[in-house]
Amino acid sequence: MPNTMGDRTKHRILMVSDFFYPNFGGVENHIYYLSQCLLKLGHKVVVMTHSYGNRFGVRYMTGGLKVYYVPWKPFLMQNTLPTIYGTLPIIRTILIREKISLVHGHQAFSTLCHEALMHARTMGYKVVFTDHSLYGFADVGSIHMNKVLQFTLAGVSQAICVSHTSKENTVLRSGLPPEKVFVIPNAVDTAMFKPAPERLSSNEIVIVVISRLVYRKGADLLVEVIPEVCSLYPNVRFIVGGDGPKRVRLEEMREKHSLQDRVEMLGAVPHAKVQSVLISGHIFLNSSLTEAFCIAILEAASCGLLTVSTRVGGVPEVLPDDMIVLAEPDPIDMVQAIKKAITILPQIDPQAMHLRMKNLYSWHDVAKRTEIVYDRALKCSNQNLLERLSRYLTCGAWAGKLFCLVMIIDFLLWHLLQLWQPAVDIEEVPDIILPHCQHGEMSWDCNEDQSLR
Amino acid sequence: MAESSMANARYTYVHHVNKGPLQAMDMHHIVVRKSGVKGFIVYLSVLLLTTNGFFLFLLKDKTITVLFWSLLLSAFLVKLFLRKPVQKVSVIIFPGFGVQLETQYGSGRTIRHFVPIGKILKPVLNECVTPVTCYWSLSLIIRGDEELMLVFKELHPPVKMLVPIWKALCAATDSLESADSIT
């Protein structure tokens with residue numbers, strides 16, 4: 001049971017996703033920074049993910065963040081093989097040994113997330129789900145994904161989306177009541193993304209593109225936009241960071257228009273070097289065709305770059321109007337937006353922009369808002385199996401019955417596990433606290449668990 | 001000779017301190033306890049399988065392969081659940097000399113492994129994660145070795161049994177600062 005710290009409830013949270021460090025991306029960053037800020041607020045946070053290469057077992061990260069790299073190998077696109085019940089024993093063990101009060105799953109793509117939320121609901125834990133992406137409705141993949149999401153969200157206590165567009169999308173896809181879905185945007189580590197100490201020369205305008213070079217990120221748009229802008233402005237230069245299947249098309253475009261000296265292809269950029277690439281430019285160009293939030297825009301704005309972006313998904317919600325120029329995902333409109341950005345560039349003060357970003361987007365604020373969602377989730381009434389089964393039955397004529405069967409089997413397996421290995425046989429782990437006087441040094445806090453004395 | 005012990009459903013921990021004429025000997029034993037319920041369930045399953053095999057073969061005129069497979073499955077069940085290769089693991093600490101790890105098998109065979117005190121850099125308590133469970137393990141960091149040496153290779157005793165052994169190893173190897181952090 002969560003205890004209280006002052007007038008606030010102290011939660012013990014298990015973050016679950018297939019996407020976590022050493023991988024880099026929006027979801028990975030979100031989980032890491034949110035966990036760090038929740039730890040600072042006095043909550044206990046544990047992360048569960050699958051193994052990455054030889055990284056498996058228990059690892060500790062900054063601030064005493066404990067990570068379980070469960071030795072399940074990734075199967076497809078960094079996802080573990082969907083076994084439905086295979087993860088039940090390990091999830092049950094972690095929930096008991098870490099004295100977890102709430103499970104927070106991230107990303108609808110994540111198999112591990114769906115399975116963890118399902119098992120946690122079976123065991124009577126409160127669950128929260130965060131959706132980080134937008135999905136379609138028509139193609140086969142989306143139909144299947146939406147059905148899985150409907151099943152998972154039928155049992156969640158509360159859900160979080162990163163933008164209002166994302167919330168609308170999630171509510172439509174899952175049939176979840178809108179009052180159960182909260183909008184908490186992403187934030188940016190402004191300490192990591194600082195502008196260049198000296199203002200860049202305006203003799204040459206540098207436009208930076210950093211993204212995976214795939215169809216979804218609008219790499220095909222770049223192929224048409226870059227030559228057009230280069231012909232209009234002889235003093236414009238492009239820096240393209242990132243890799244992917246569409247890189248070949250960009251290389252071909254560079255050869256065709258003889259832009260080798262004006263379009264620099266960096267290839268894959270490590271996350272630690274993103275800031276150094278960003279501060280070498282004046283304008284950041286985002287050509288995504290679909291985006292729930294787009295953290296890259298925040299990082300660029302924090303570095304003092306003016307952003308030009310496609311008006312898709314949650315992008316219009318990300319930055320104030322004077323920090324971004326929006327365009328339709330069309331080459332002609334994007335060229336016009338870049339023209340507009342170049343004209344307003346002299347009015348942009350990178351340092352002032354950075355300070356505004358510091359006030360607008362903080363992970364501490366995200367954590368405080370997430371804390372409210374956790375409080376709401378814990379206040380939700382406890383439902384028994386029969387009450388929950390009625391929710392699953394509404395998921396469709398055939399799907400509803402199938403979901404009920406899946407949950408009944410899960411319930412039976414959980415009881416079988418309780419007989420095989422009773423909860424009392426699973427040892428609770430002592431909490432590790434980091435003394436403020438000795439940073440990085442860990443000591444045991446045995447106030448709650450005296451078994452180690 | 002001082003003695004203390006503790007037990008759970010699967011293991012018994014016994015601690016002896018030998019005050020010998022030449023040198024004190026600190027002995028820690030982890031003894032595997034037999035599970036009667038588990039044995040009963042396995043033997044019942046084997047009995048049912050074998051009876052069913054004979055019934056199908058003799059009365060229903062089924063082929064001998066049915067009987068063969070039921071016997072094979074029975075043997076597999078017995079081997080899987082009732083094989084108790086390790087009966088006892090002992091950690092014997094000779095202060096100033098080293099640590100002897102003794103593994104006693106059901107067959108009566110005993111394997112001994114001596115680690116000189118100078119080779120032990122630090123004893124550590126680790127959390128181990130498998131695809132289905134988590135458990136604590138006691139390991140030794142050995143000078144010149146890339147991998148940790150597991151004290152209990154085949155057993156997973158609870159942490160309350162591992163802590164006194166870990167503390168004793170810390171005291172023997174002068175790693176007292178790590179032992180102090182847990183008390």
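Convention: sequence-line order gives letters A, B, ...; per-chain numbering from 1. If you're wondering where the values come from, they're calculated on a predicted model, not measured in any experiment.
With a 4.5 angstrom heavy-atom cutoff, B:C128 does not touch chain A via any of its atoms.
Side-chain contact check for A:V429 versus B:W136: some heavy-atom pair is nearer than 4.5 Å. In this structure, the side chains of A:I94 and B:V129 stay at 4.5 Å or more apart for every pair of heavy atoms.
Applying the 6.0 Å contact sphere to OH of A:Y125 captures more than 12 heavy atoms from other residues, nucleotides or ligands.
Annotation: salt bridge (Lys or Arg N to Asp or Glu O under 4.0 Å) contacts of B:E127 (sequence neighbours excluded): A:K66, A:R97.
Closest non-hydrogen pair, B:T130 versus A:I90, comes out as O-CD1, 3.6 Å.
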